Amino acid sequence: MFERTGLLMNFYTADKALSEAADILYSLTGEELSSMIKFTPGDPKGDVVLPCFSLAKSRKKSPGVISGELANKVSFGSDSLFLKAESVGGYLNFFLNYEKFAEGVVGDFLLMKETYGSLSLGAGKKVVIDYSSPNIAKPFSIGHLRSTNIGASLRNILSFAGYEVIGDNHLGDWGTQFGKLIYAYINWGDREKIEKDPIKELLALYVKFHDEAGLLGDERPEKGNELEESARGYFKRLEEGDPEITALWKWIRDISLKDFQRVYDMLGVSFEEILGESFYNDKMQEIIDLAESCGILEKDTDGSELVRLDKFGIDTPLLLRKKDGASLYATRDLAALLYRERRWAPEKILYVVGEEQRLYFNQLFETANLLGFKSKCEHVSFGLMTLPSEGKFSTRKGNVIFLEDVLKEAHDRVKAFLDGRDLDEEAKNNIADAVGIGAVKYNDLSQNRKKTVAFDWNKMLAMDGNSSPYLQYGYSRARAILRKANFDFSASWNTGVDLLDEERNLINKLSSFHMVVESASAQFYPHLLATWLFELTQIFTAFYTNVKVLASEEPYRQNRLMLIDFYSSVVKRGLALLGISVLEEM
RNA sequence: GCGGUCAUAGCUCAGUGGAUUAGAGCAACUGCCUUCUAAGCAGUGGGUCGGGGGUUCGAGUCCCUCUGGCCGCGCCA
């Protein structure tokens, strides 16, 4: 399973004494054993444990008897990874032979260096990740942070796990919203003002439209609102290629895109492709035709066309064409799916989109099935970010927090923190960027994506405790030692040297890097990695505090420096997977 | 109304296929900078894991139910 890294796992499967005993007594293979065994660092009863409870049922013996029998049968030689095994109430506890273990884990790092922890899990498999996907002409708000962050991080993690990843920014640059905007621009717009501050002016127009149309209240007005009708009319004209409307659309798209790029640059987020919805305008008829030929397209009495999904337990049909013939979100998504299949034939397509669109994606995926698409699609959902006072953000109402403003605020707060430090301006700005933006990202990525998040300045910009600065600080401290020691990065590990608890803990944790990469990439949960990195750094910091490395004697000194190099390399890589950069000094 | 999702310490959250004594961070309190960066470390207090049933030798974790929050439910994306 872990081909090159994960030596620890290999040791488990390869440990002869244990697998022989398990084979003789219970016909268990090494692989089965290695999947049952668990790491319990810090537990005085053992370093590794094999719970025998699941065996109890199939083997019809009590867990205690099984662990006892195994403990009696197994005897470890001097070359084994384990020293001894003890049976405690259904658990078989193992004590590691740390000399061997450390040699193996560090040896693995020396072999792999900066690729330590990478997997070949996804070798030969392609994954398309659809993330960020902001709407053109609307501000890049704090609400887009989650999709952008989570998606970008999954792109890195999956790539590290061996997948070929295509990050695709599916820009919302098509649809009725443009009809609204064009209506607003024609009636109330001022080109010069827009060129000066595009996003804010366009937002003002967008809000004015909804205000004039009476759409700002919680109650939706009765159907057939005049303004909305004319907005749909403008979109229809856009879709039909009306040159005047198209020129207007293109202008709005270009100036917005430039604005977005600024934010992406600040975030350090990039994509393999930026194919907006408009890209699929000439590819939608094929979807309609396909749906028709599959016999699933139904014409409603008012002329709209839809797919019914009742038999899948979804009583809301999926609309593919409006009554005026214009396309919808779903039409374009299906066209995008077809395009992606043809171009990349991906194993999987991930849609990093808010939880509130669950129903929609269920509809979309069922329809895609009916149309015969092969890719496995998955909605990687996340909870909404809300405002503590007003609840949901609403672009229509104009109560948005610009992501750019949050990032600037983050920068400024760090800068203020650095006040009085003996650093030049450039150094301060570098630190403020890495730490400020890192804090914002980490705050988002360190919790389970499914939870809703209430926007909170202080929490988002936290600088201590479980936060990005804490991790970056750990890295900087580690690097400071290596610098002062003039550490030879090609040095080798001294075997036969006894280890302190602090060193063992660090080795324990570092040995499990690939495991967290695996679970984060399998479940699309960046927070597993974030949490692990925090725990790793806590362990490193304890080591840092208690063990004076520069002052220690050889051969301890060289081994300790090597562990520091190991730690800093892993934390640097781990943070990079979260899209967070490190600093040599802070 | 129907469907989805969440509920763990005062606050914000971890808790990976059930398994040895439920963990962090923040906040509060007590200590620690002449020794590799105090954005740090050590310690103290703080939890009937929303309520109630069930499955199991064993449930924060699985099932049912109730309560509460958030989200969604055809021409928006």
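To find a chain, count down the sequence lines: A is the first, B the second, and so on, and within it residues start at 1. Quantities reported herein were computed from a predicted structural model and do not represent experimental measurements.
Which of C13(B), U37(B), G74(B) sits closest to the side chain of Ser476(A) comes down to U37(B). Checking C36(B), A39(B), G25(B) against every side-chain atom of Phe534(A), the shortest atom distance belongs to G25(B). Of all nucleotides listed (A14(B), G40(B), G72(B)), A14(B) comes nearest to the side chain of Thr531(A). Side-chain proximity of Lys484(A) to the nucleotides A77(B), A39(B), C36(B) is greatest for C36(B). Here C76(B) is the nucleotide among C6(B), G72(B), C76(B) with the atom lying nearest to any side-chain atom of Thr176(A). Ranking C6(B), A77(B), G4(B) by closeness to the Arg358(A) side chain, first place goes to G4(B). Comparing A39(B), G40(B), A19(B) by their nearest atom to the side chain of Pro51(A) picks out A19(B). When each of G72(B), C36(B), U20(B) is scored by its nearest atom to the side-chain atoms of Leu550(A), the top-ranked nucleotide is C36(B).
Between G50(B) and U56(B), the distance separating the two C1' atoms is 23 Å to the nearest Å. With both ends at atom P, the span from U61(B) to A9(B) equals 15 Å, rounded to whole Å. Remark: the separation of the P atoms in C33(B) and A42(B) is 16 Å, to the nearest Å. Spacing of P atoms, C13(B) relative to C70(B), comes out at 15 Å, to the nearest Å. Only the C1' atoms considered, C6(B) is 16 Å distant from C66(B), to the nearest whole Å.
Atoms CD and CG, on Glu535(A) and Asn466(A) in that order, are 9.0 Å from each other to the nearest 0.5 Å.
Judged by distance alone, the side chain of Thr531(A) and the main-chain N or O of Leu528(A) form no donor-acceptor pair under 3.5 Å.
The nucleotide U48(B) finds no pairing partner, because no Watson-Crick or G-U wobble arrangement with both distances shorter than 3.5 Å includes it. Using the Watson-Crick or G-U wobble rule with both distances under 3.5 Å, U5(B) pairs with G69(B). Remark: U61(B) base-pairs with no nucleotide in the shown strands. Criterion, Watson-Crick or G-U wobble with two distances under 3.5 Å. Within the shown strands, nothing qualifies as a pairing partner of U21(B) under the Watson-Crick or G-U definition with both distances less than 3.5 Å. Under the Watson-Crick or G-U wobble criterion, with both distances below 3.5 Å, G31(B) is paired with C41(B).
Of the residues listed (Gln357(A), Arg358(A), Glu356(A)), the one engaging Ser381(A) in a side-chain hydrogen bond (donor to acceptor under 3.5 Å, both in side chains) is Arg358(A), and it is the only one.
Contact annotation: Gln447(A) side-chain N/O to C13(B) OP1/OP2 distance is under 4.0 Å. Proximity of Arg479(A) to the phosphate of U37(B): no side-chain N or O atom is located under 4.0 Å from OP1 or OP2.
Using a 4.0 Å heavy-atom distance criterion, Thr316(A) is classed as a sugar-phosphate-only contact. In this structure, Lys323(A) reaches the bases: a heavy-atom distance under 4.0 Å links it to at least one base atom across the strands shown. Asn448(A) comes within 4.0 angstrom of the backbone, heavy atoms only, and of no base. Residue Gln472(A) is classed as having no contact, given no heavy-atom separation below 4.0 Å to the nucleic acid.
Checking Asp333(A) against Tyr360(A) by side-chain atom types alone, a donor-acceptor pair falls below 3.5 Å.
Centre separation under 5.5 Å together with a plane angle under 30° holds for the ring of Phe53(A) and the six-membered base ring of A19(B), marking them as stacked. Tyr91(A) qualifies as a stacking partner of the U20(B) base, centre to centre under 5.5 Å and near-parallel within 30°.
Annotation: Tyr351(A) is in aromatic contact with Phe361(A) [ring centroid separation under 6.0 Å].
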Side chain to side chain contact (heavy atoms under 4.5 Å, CB included) assessment of Leu320(A) paired with Leu328(A): CA-CA 6 Å; Leu320(A) 291 186; Leu328(A) 285 132; 6.0 Å; no
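Base orientation of C71(B): anti, the glycosidic angle falling outside 90° of 0.
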